[in-house]
Amino acid sequence: MSRNNKPKSKSRRKFLIRGGLGTIGLLALGTYVFRNSIRRSMYELGETMVVPYSGTGTEANLWFEMTKDNKVILHSPKVEMGQGTFTGFAQIVADELDVDIKQIIVKAAETATGIVDGMSTGGSLSVAQLFQPLREMAATMREKIKQEGAKKMGVDAAFIKTADGVLSAGGKTMKYAEAVADVSDWSLPDTPELRPVSSYKFVGKPVKRIDLRAKIVGEPIFGLDAEMPNMLHAAVIRPEHVGSSLKSADTSAAEKMPGVVKIIEKDGWIGVVANSFPEALAAKNKIKVDWDIPKTWTEESLREYLKIGEGAKMITQKEGSELDPDDGDVISLEFTSPIGAHAQIEPNGAVASVKDGEVTVILSTQVIGVTQNQVAEALGIDKGKVNIIGTYLGGGFGRRLNTDHAVHAALMSQEVGKPVKYIFTRKEEFQNDAFRPPTHHIVKGKLNGQGQLDSLEHHYASGDVAMNSVIFPSAMNSMMGSDVGAMRGGNIMYNKIPNHRAVQWHKTLPFATSFWRSLGLLANTFAIESFVDEMAMKAGKSPVDFRLAMLGDEEHQNRIRKVIEEAAAKSNYSDKASGNRAMGFAASVDAGAPCAQVVEVSVVDNQIKVEKVTCVFDCGLAVNPDQVIAQCEGSIIMGISASLHEKMTLKDGRLFPIIYGPYDMALMKNSPKEIDVHLIQGVDIPLPVGEPPLGPIGAAIGNAVRRITGKRLTDLPMVLG
Amino acid sequence: MKITFTINGKPATVDVDGHTPLLWVVRDMLNLKGTKFGCGKAACGACTLHVDGEAVRSCSYPVKYAEGKRVTTIEGLSEGDQLHPVQQAWEEEVVPQCGYCQPGFMMATAAMLEKIPNPTDDDIDKNIVNICRCATYYRMRKAIHKAAKIKAANG
């Protein structure tokens, strides 16, 4: 089976792959009159539905390739950035194609093969989006293999049985690879009825990751491991000050440094190409740059710029009436979260070759199609001549949505006529990240005579998350009216509160901000669930009962109820502190996946330590339960890191720190020794799992600290004393 | 200058500026990519390898100090197809997510187990101070305890 054999048009089948955004677009544009209420219903839809896969190359035979030794290569439009996505894909394909999982190889598709993801690898959506299309494509391919095998074996396809990549009928057997060898007619049969999930051998089981061995023996699978023959190495100077631009540079000393091949001055950056990376770095440090710095930003000027009441306002949720500002019974708390860095351990970089009008770039990217477009545009070369090869990612978390370094590497290759590998220094990473934006929140509420919330309002201000990002076209921004990324977790999930609303204030900041794992969820949930906890204490109620009483009777409310009840039961939750220890409770729902967490926290000498976490997560169908649990464990500790440690600060116009250590992150010693995860299957489809478990952790910690110390911590990262 | 050492048991001689970090010699001259670049300031531990059995952050270790010494990288941790106890434990506990930092953690753990064969949680907290952004610490701790058991059982 070769992917060069294009399918005939009569066999085109669209599967479930379709333009998800197009559908939403029609809905919004056709009903302008009720624009804001339509928008709000879209926000709700966005919170509960899985955005369908949109991309090119939807023919099964573009995705699958059969090797001579009877293995199946799946060319994946999604990359593997750590969540076990490729393993999930292999499980799904193995079950419908009827091969052993060991026979499946998953590779990130190159743009040259014709499969280009329409959006990104992100939103924890890969398995959720491709579950159904992959089942259908694999089943279709199995039928095709049976048809071809039937011809060669001289039997009726209806009598052929399949198992472990072998066809058998009437005592004869034939390997799949043999059946499809030399096939020239790639018309595909209709997709057969899919097997019931309950009959699957691999889906739903804790299959070991297919990339496990490669990652344990240190195989060269990452972007920075890539090489090309006769490759040179590069370092680049980028602006250090927020909003600054390059005025002039003295490169004379750098040019004399050993190993330097060429110094390339471009619009806004300077590239140093040398024989080795250490030589490129040493030469870069000799360049004297004069910067144009129009404004010197500080933490104070940033907080003044980004706050509630400033920028574009959008009511993202509206039920019942608004709180009266003159009402003396209204309680209000203010929260903030800082600028967050992605801090993925593999720095960004790219290896590029520009030769004879053709470009190849190898890199860690979450947006293979966007990278292709940007390189093609910058070099003025037809997109069809630009092949982007995505590798395994040494961490994504949203950082790989911005790949301007692919353009830099390609331009430098063009200048020197040889392949060039460009690697970020850690300082470049920290100062040129597209950060998690800082946020500002005011949460207000009012209790009724029975000690229940009569009103709850969440007002929140954020910089760009989805807005102005490479994967959301500008038309989408004005259509949605709010930043749908900043909104994640920003709406109130308790339907039974008679009056509840959420109001977003949005501004674009002077430095790039973008997607950071779980987007707005972490900070929004921290604000709302800390406030809810405070109200429960004021009402003299258990925070669990207090929350349960605010849930409605709808199906998705019942799913939230279930995780809250289970988390309380599994952790033996108690809201009473015992000496310097207490439990904290919080819950959230993100992308239709509810999660509740109970943390056990100790405070010694003002140091907050998370001792144990119980996590109950309704992830829908868990394609690989072990890896869903791994995502919960990772999200919880990354959430602890963001809640108790991490913070970027604007000082004299520059972002600090520029290195790990000063950019304080959770280490082994800060990680809980017990993490008890329980999965619930509330729906029969896979839901996104890589981000929803990041929601409750910050608030849960704060709620525990409140019970130990009496202090309500309202700023992330939380610090005592 | 010419510098001679052994890399994963085999002799190697490189001709390079002696101040060049060992990391880049290993990655770009000896083409062993399992040792990773993370920060260049010995702050994250992704570049951890062994020099004469000691865990070293190779991004900040000038290659001239490796003269005459034994350098071991993740590629040399196993003996043929037989994984090192640390790798076995890592595989059994399914530790890696993105996997980028894992060689550094495994090298740091292997060095620790030579000195502290049966580490307590406190020993682990004090000695394993690399950074994993996927935050796989919970499984790593389990894997470290398991590796100690496997190693002890192997004698």
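Lettering of chains follows the sequences in order, A, B, ..., and the numbering in each one begins at 1.
In this structure, SG on B/Cys134 lies 11.0 Å from CD1 on A/Ile637, to the nearest 0.5 angstrom.
Using modelled atom types, one finds no donor on one side chain facing an acceptor on the other under 3.5 Å when comparing A/Ser126 with A/Thr121. At a cut-off of 3.5 Å, with distance as the only test, a side-chain donor of A/Ser635 or A/Arg517 sits close to an acceptor on the other residue. Using modelled atom types, one finds a donor on one side chain and an acceptor on the other under 3.5 Å when comparing B/Gln97 with A/Gln631. Using modelled atom types, one finds no donor on one side chain facing an acceptor on the other under 3.5 Å when comparing A/Thr614 with A/Gln597.
When the side-chain contact (heavy atoms from CB on, under 4.5 Å) test is applied to B/Val56, the partners found at least two apart in sequence or on another chain are B/Leu49, B/Val51, B/Tyr61.
Proximity of B/His50 to B/Val71: side-chain heavy atoms (C-beta onward) are nowhere separated by under 4.5 Å.
Only the side chain of A/Gln627 comes within contact range of chain B, with heavy atoms under 4.5 Å apart. With a 4.5 Å cut-off on non-hydrogen atoms, B/Trp90 touches chain A through its backbone and its side chain both. Of the two parts of B/Leu32, neither the backbone nor the side chain holds a non-hydrogen atom closer than 4.5 Å to a non-hydrogen atom of chain A. Proximity to chain A (any heavy atom under 4.5 Å) is shown, for B/Ser78, by neither the backbone nor the side chain. Only the side chain of A/Glu646 has a heavy atom closer than 4.5 Å to any heavy atom of chain B. For A/Met665, the part lying near chain B is the side chain, with the backbone staying farther off; criterion is any non-hydrogen pair under 4.5 Å. Contact annotation for B/Asp17: neither backbone nor side-chain heavy atoms come within less than 4.5 Å of a heavy atom of chain A. In this structure, chain B has a heavy atom under 4.5 Å from the side chain of A/Ile423, while its backbone stays farther away. Neither the backbone nor the side chain of A/Ile658 has a heavy atom closer than 4.5 Å to any heavy atom of chain B. Proximity to chain B involves both the backbone and the side chain of A/Lys673, based on heavy atoms less than 4.5 angstrom apart.
Comment: B/Lys146 engages B/Glu93 in a salt bridge, judged by a side-chain N to carboxylate O separation of less than 4.0 angstrom. Ion pairing of A/Glu346 with A/Arg400 is present here, as a side-chain N (NZ or NE/NH1/NH2) and a carboxylate O approach within less than 4.0 Å. Ion pairing between A/Asp225 and A/Lys421 fails under the 4.0 Å rule for side-chain N and carboxylate O.
Note: B/Leu83 leads B/Thr20, B/Leu83, B/Ile124, B/Asn130 in heavy-atom pairs under 4.5 Å with chain A. Comparing B/Arg139, B/Arg141, B/His19, B/Lys126 by heavy-atom pairs within less than 4.5 Å of chain A, the highest count is held by B/Arg139. Put simply, of A/Arg209, A/His233, A/Glu429, the one with the most heavy-atom pairs under 4.5 Å next to chain B is A/Arg209. When the candidates B/Met140, B/Gln87, B/Glu91, B/His84 are compared by the number of heavy-atom contacts under 4.5 Å with chain A, B/Glu91 comes out ahead. Between chain B and the options A/Thr425, A/Asn670, A/Leu224, heavy-atom pairs under 4.5 Å are most frequent for A/Leu224. Of all the listed residues (B/Asn31, B/Val86, B/Leu77, B/Val94), the one sharing the greatest number of non-hydrogen pairs under 4.5 Å with chain A is B/Val94. Counting heavy-atom pairs closer than 4.5 Å to chain B, the top residue among A/Gln83, A/His342, A/Glu219 is A/His342. The residue among A/Lys215, A/Met638, A/Lys669 with the most heavy atom pairs within less than 4.5 Å of chain B is A/Lys215. Counting heavy-atom pairs under 4.5 Å between each of A/Pro662, A/Ser671, A/Pro258, A/Pro220 and chain B puts A/Ser671 at the top. Ranked by heavy-atom pairs shorter than 4.5 Å toward chain A, the options B/Lys36, B/Lys41, B/Gln102 are led by B/Lys36. Between chain B and the residues A/Ala343, A/Gly396, A/Gly661, the most heavy-atom pairs under 4.5 angstrom are made by A/Ala343. Counting heavy-atom pairs closer than 4.5 Å to chain A, the top-ranked of the candidates B/Cys39, B/Cys132, B/Pro103, B/Gly40 is B/Cys39.
In terms of modelled atom types and a separation under 3.5 Å, the side chain of B/Asn8 and the main chain of B/Thr73 share a donor-acceptor contact. One N or O on the side chain of A/Glu80 and one on the backbone of A/Thr85 form a donor-acceptor pair closer than 3.5 Å.
Scanning all heavy atoms of the two residues, the minimum distance from A/Gly218 to B/Ile74 falls at CA-CG2, 4.1 Å. Taking every heavy atom of both residues into account, B/Asp28 and B/Lys33 meet most closely at OD1-NZ, 3.5 Å.
Ring orientation note: the planes of A/Phe430 and A/Tyr663 are tilted relative to one another, at an angle of 30° to 60°.
Against chain A, the residues from residues 104-123 of chain B that qualify, each with a non-hydrogen atom under 4.5 angstrom away, are B/Met106, B/Asp121 in number order.
Close placement of the A/His405 and A/Phe424 rings is indicated, their centers lying within 6.0 Å of each other. Proximity of the aromatic rings of B/Tyr100 and A/Tyr392 is defined here by a centroid distance below 6.0 angstrom, and this criterion is not met.
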